[in-house]
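Taking it in order: structure first as structure tokens, then the write-up.
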Amino acid sequence: YAEALDLAKTLAEAPGEAAVWNNLGLALQYAGQYADAVRCYDQALRQPVEGAARLIVLAAALANTAQACLRVHDLRQGISAAKRVIALLAEPQDPTLCTYRVSAESYLAELLLEIDDVDGAREHVGLAKRFAELARQPRAHFRASLAEGQVEVRAGLADIGLTRLKNELSRSRGGPK
């Protein structure tokens, strides 16, 4: 990553530098180093990216921030990041942007569950499902369904929620529904 950052800086390639910071953050997040990951996402957000690429950089870094904050229970920052993505992507039509919106809505739903706002979480799951349909990508549908299952469990519908989660896991592995 250091070489990639150096190259992006040398070329004065802000979108490339933002992508490297975002990818480094993801690598750290997968390693369980969530605080370091959030610092990388902050660096991605600071890059002077312009045009259409700016929206993708912002959506990716903020959605990733929301997920990392969920893992370390930094609810305030996570909710703020998810809401910023939602505001940026009010009505996306592009499948990639719809997928980021699904992620933000799903992470916000999970964050709201952490503060026992089941109704708020349910509302955001509904939006996640709507944008998953627009995204037309299995990953988006999976993400929305996971959040929906968690909301159902927390709402006292454990049998329905656990069945949904089991079915989605089976589907993601290529098994029967």
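Basis for what follows: all heavy atoms, side chains included, without hydrogens, waters or symmetry-related copies.
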[Y] and [X], any side-chain heavy atoms less than 4.5 Å apart:
X      : Y      : answer
His124 : Ser106 : no
Val38  : Cys69  : yes
Gln77  : Thr65  : yes
Tyr100 : Ile56  : yes
Leu89  : Leu55  : yes
Leu28  : Cys40  : yes

Atom of [X], atom of [Y] and distance for their closest heavy-atom approach:
X      : Y      : value
Ala121 : Leu112 : N-CD1, 3.8 Å
Ala81  : Leu62  : CB-O, 3.5 Å
Val49  : Ala18  : CG2-CB, 4.1 Å
Ala104 : Ile86  : CB-CG1, 4.1 Å

- Query: Within a radius of less than 6.0 Å around CZ of Arg139, do more than 12 heavy atoms belonging to other residues, nucleotides or ligands occur?
  - Reply: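 Open.
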- Item | Within 6.0 angstrom of Arg84 CZ, more than 12 heavy atoms from elsewhere |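 It does not: Arg84 CZ has 12 such atoms or fewer within range.
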Would you compute the distance between atom [atom1] of [X] and atom [atom2] of [Y] and round it to the nearest 0.5 angstrom?
X      : Y      : atom1 : atom2 : result
Gln150 : Leu165 : CD    : CG    : 6.5 Å
Cys98  : Arg136 : SG    : CZ    : 7.5 Å
Glu91  : Leu97  : CD    : CG    : 12.5 Å

- Taking it one step at a time, do Val57 and Asn22 satisfy side chain to side chain contact (heavy atoms under 4.5 Å, CB included)? CA-CA 8 Å; Val57 166; Asn22 222 343; 5.6 Å; no
- Message: Using the rule given for salt bridge (charged side-chain N to carboxylate O under 4.0 Å, His left out), can you reason through Glu105 versus Arg101, listing the C-alpha separation, both sets of side-chain angles and the distance that settles it, and then say yes or no?
- Response: CA-CA 6 Å; Glu105 295 287 359; Arg101 179 68 187 265; 2.7 Å; yes
Tell me whether [X] contacts the main-chain N or O of [Y] through its side chain, where contact means a donor paired with an acceptor under 3.5 Å.
X      : Y      : answer
Gln47  : Gln43  : yes
Arg54  : Ala52  : no
Thr163 : Asp159 : yes
Ser145 : His141 : yes
Arg154 : Leu113 : yes

- Message: Going by side chain to side chain contact (heavy atoms under 4.5 Å, CB included), Leu108 matches just one of Leu70, Val85, Ile79. Which one?
- Response: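 Of the listed residues Leu70, Val85, Ile79, the side chain to side chain contact (heavy atoms under 4.5 Å, CB included) partner of Leu108 is Ile79.
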- Are Arg39 and Asp42 ion-paired here, with the side-chain N under 4.0 Å from a carboxylate O?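 No salt bridge links Arg39 with Asp42.
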- Does a side-chain N-to-carboxylate-O contact under 4.0 Å join Glu17 and Arg46?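 Looking at Arg46 together with Glu17, the answer is no, because their closest N to O distance does not fall below 4.0 Å.
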- Message: Regarding Gln29 and Tyr41, do their side chains bring together a donor and an acceptor under 3.5 Å, going by distance alone?
- Response: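 The answer is yes; a qualifying pair exists.
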